Amino acid sequence: MNRRFAALVALVVVCAGAGLVAGRGMSPAALWDVVGGGGSLTERHILFQLRLPRLLVALGAGACLGVAGLVLQSALRNPLAGPEVTGVTPGAVLGAVTATGLGFAGWESPLAVVVAACLGGCAGAALLWLLAGRSAGDPAQTAVHGVLVSAVLGGLTAMVLLVAPGQLGSIVQWLVGTTEGRVWQHWHLLWPWALAWTAAAWLLAGPLTLLRCGDDIATAAGLATGRARRLALLCAVALTAGAVAAVGALGFVGLLVPHLALAVFGADLRRSLPGAALVGAVVVCGADAAAQLATRLLAAALDGGALTLPVGALTTCVGAVLLLVVVRRAPDRTF
């Protein structure tokens, strides 16, 4: 098991190195020069003021989404209960874009966005809980209501475009998800938030393991299932809101990363939760490096200097394909 953690940490380092050199303006030789204390002023600025905070934010947001997804799937006993389809991510996006569209927040004011995203994420989760009602423990019913809530929140987000059409570019970034333009202020706000709520989620590993076994078994073991589930949902909402506030909506990360973490580390959530954080960091960081490289190649091929491929577009496309592959290979599995 320790070897698996070590292998994932090594993979994080590899993805981080790829992310630093994949984009335009920084070659591996230039990176080595800057790390060694040399390099031009422009190269040092690119590395320390642009690439490094972007890399750290991608790692932190990926870890948040991985842990949030595993917490949600464990608390609701639903393998499809990712933040994207339970109202949490759409609610957080709605909060962020509403605050942005009305001029209360923006990419340049991350703290205001975190507050707005948290309020929206809590509202989305609460709406799901109200609609699900007594069927909240039924995985199938929860998934259906989650899709409905996400659709409604997505429609409300689209209506924000009518209120503030001048903010279209900024709002689209929230909807798709991107690490472009992340600065140190985003990282300074994200890491303590992510650390605190990830630690809280890890402390809930025992109750979450019991919840995965079913409410009857958890109650027989002396667990107050209602309170434990509410605390777990609060952690998932907070982690998702922090990630959305930092990078916007990254599709399928919180849905698929928990399955990878459970496959690698097993059902013991004391190991799977840290594993989900590492896997999520690898996925988002790797996707960001791939998006930067694709942007670089497309810009050279199409002669489009301003062309940018958002990392959220890449995670959504690849995640959808992977989900279809998993479903087709296991048609009898209950999702």
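Residue numbers run from 1 in the order of the sequence given. These numbers were taken from a predicted model, which means no experiment stands behind them.
Separation of atoms CG (Asp288) and OG1 (Thr179) is listed at 3.0 Å; rounding is to 0.5 Å. Note: Leu298 CG to Leu293 CG = 9.5 Å, rounded to the nearest 0.5 Å. Rounding to the nearest 0.5 angstrom, the gap separating the CH2 atom in Trp191 from the SG atom in Cys64 is 13.0 Å. Here the CG-SG distance, from Leu208 to Cys213, works out to 11.0 Å after rounding to the nearest 0.5 Å. Atom CD1 of Ile46 and atom CG of Leu41 lie 11.0 Å apart (nearest 0.5 Å). Interatomic distance, OG1 of Thr42 versus CG of Leu47, reported as 12.5 Å (0.5 Å rounding).
Thr89 has its side chain within reach of Val93: a pair of non-hydrogen atoms, C-beta onward, lies under 4.5 Å apart. With a 4.5 Å cut-off on side-chain heavy atoms, Leu204 and Val71 do not count as touching. Put simply, the side chain of Arg54 does not reach to within 4.5 Å of the side chain of Trp187, judged on heavy atoms. When side chains are defined from C-beta on, Trp197 counts as touching Leu234, because their heavy atoms get closer than 4.5 Å. Contact of the Leu175 side chain with the Thr157 side chain is registered, since non-hydrogen atoms from C-beta on lie closer than 4.5 Å. At a threshold of 4.5 Å between non-hydrogen side-chain atoms, the residues Arg51 and Gln292 count as touching. Taking the side chain as every heavy atom from C-beta outward, Gln49 and Val183 never approach each other to under 4.5 Å. The side-chain heavy atoms of Phe48 and Val34, taken from C-beta on, include a pair separated by under 4.5 Å.
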Could you go step by step and tell me if Leu211 and Ser74 meet the side-chain contact (heavy atoms from CB on, under 4.5 Å) rule?
CA-CA 7 Å; Leu211 288 176; Ser74 300; 5.9 Å; no
For a side-chain contact (heavy atoms from CB on, under 4.5 Å) check, start with the C-alpha distance between Leu239 and Leu65, then their side-chain angles and the critical distance, and finish with the verdict.
CA-CA 7 Å; Leu239 287 166; Leu65 290 174; over 6 Å; no
Hey, mind stepping through Cys235 and Trp202 against side-chain contact (heavy atoms from CB on, under 4.5 Å) and telling me if it holds?
CA-CA 10 Å; Cys235 285; Trp202 187 80; over 6 Å; no
Before giving the answer on side-chain contact (heavy atoms from CB on, under 4.5 Å), spell out for Leu269 and Leu70 the whole-Å C-alpha distance, their side-chain angles and the decisive distance to 0.1 Å.
CA-CA 9 Å; Leu269 293 185; Leu70 184 53; 4.0 Å; yes
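Under a hydrophobic-cluster definition in which Ile, Leu, Val, Met, Phe, Trp and Tyr are linked whenever side-chain heavy atoms come within less than 4.5 Å, directly or via other members, Val311 and Leu52 are assigned to the same cluster. Both Val9 and Leu11 are members of a single hydrophobic cluster when ILVMFWY side chains are connected at heavy-atom separations under 4.5 Å. Residues Leu55 and Val35 share a hydrophobic cluster, clusters being chains of Ile/Leu/Val/Met/Phe/Trp/Tyr side chains in contact below 4.5 Å. A continuous path of ILVMFWY side-chain contacts below 4.5 Å connects Leu56 to Leu8, so both sit in one hydrophobic cluster. Two different hydrophobic clusters hold Leu156 and Leu119 under the rule that ILVMFWY side chains link at heavy-atom gaps under 4.5 Å.
Although no hydrogens or angles enter the test, the distance criterion places no donor-acceptor pair under 3.5 Å between the side chain of His259 and the main chain of Leu256. Side chain of Thr240 to main chain of Val88: no donor-acceptor pair is present (N/O by atom type, distance under 3.5 Å, no hydrogens or angles). Between the Ser272 side chain and the Gly266 main chain, a donor and an acceptor come within less than 3.5 Å of each other. Formation of a donor-acceptor pair under 3.5 Å by the Arg271 side chain with backbone atoms of Phe265 is not found in this model. Between the side chain of Glu43 and the backbone N or O of Ser40, at least one donor-acceptor pair lies under 3.5 Å. A donor-acceptor contact shorter than 3.5 Å links the side chain of Thr315 to the backbone of Gly312. Side-chain atoms of Arg182 come within 3.5 Å of backbone N or O of Ala246 as a donor-acceptor pair.
Val257 and Gly280 make their closest contact through CG1-N, 3.7 Å (heavy atoms, listed as atom of the first residue, atom of the second, distance). Minimum heavy-atom separation, Leu255 to Ala81: CD1-N, 4.4 Å. Ala92 and Ala241 make their closest contact through CB-CA, 4.2 Å (heavy atoms, listed as atom of the first residue, atom of the second, distance). The nearest pair of heavy atoms linking Leu273 to Val67 is O-CG2, 3.7 Å. In terms of heavy-atom proximity, Leu72 sits nearest to Ala236 at CG-CB, 3.6 Å. The shortest heavy-atom contact between Pro310 and Val176 is CB-CG1, 3.6 Å.
If you check the side chains of Thr225 and Asp215, you find no donor sitting under 3.5 Å from an acceptor.
Using a 30° and 60° split on the angle between ring planes, Trp184 and His188 fall in the parallel class, below 30°.
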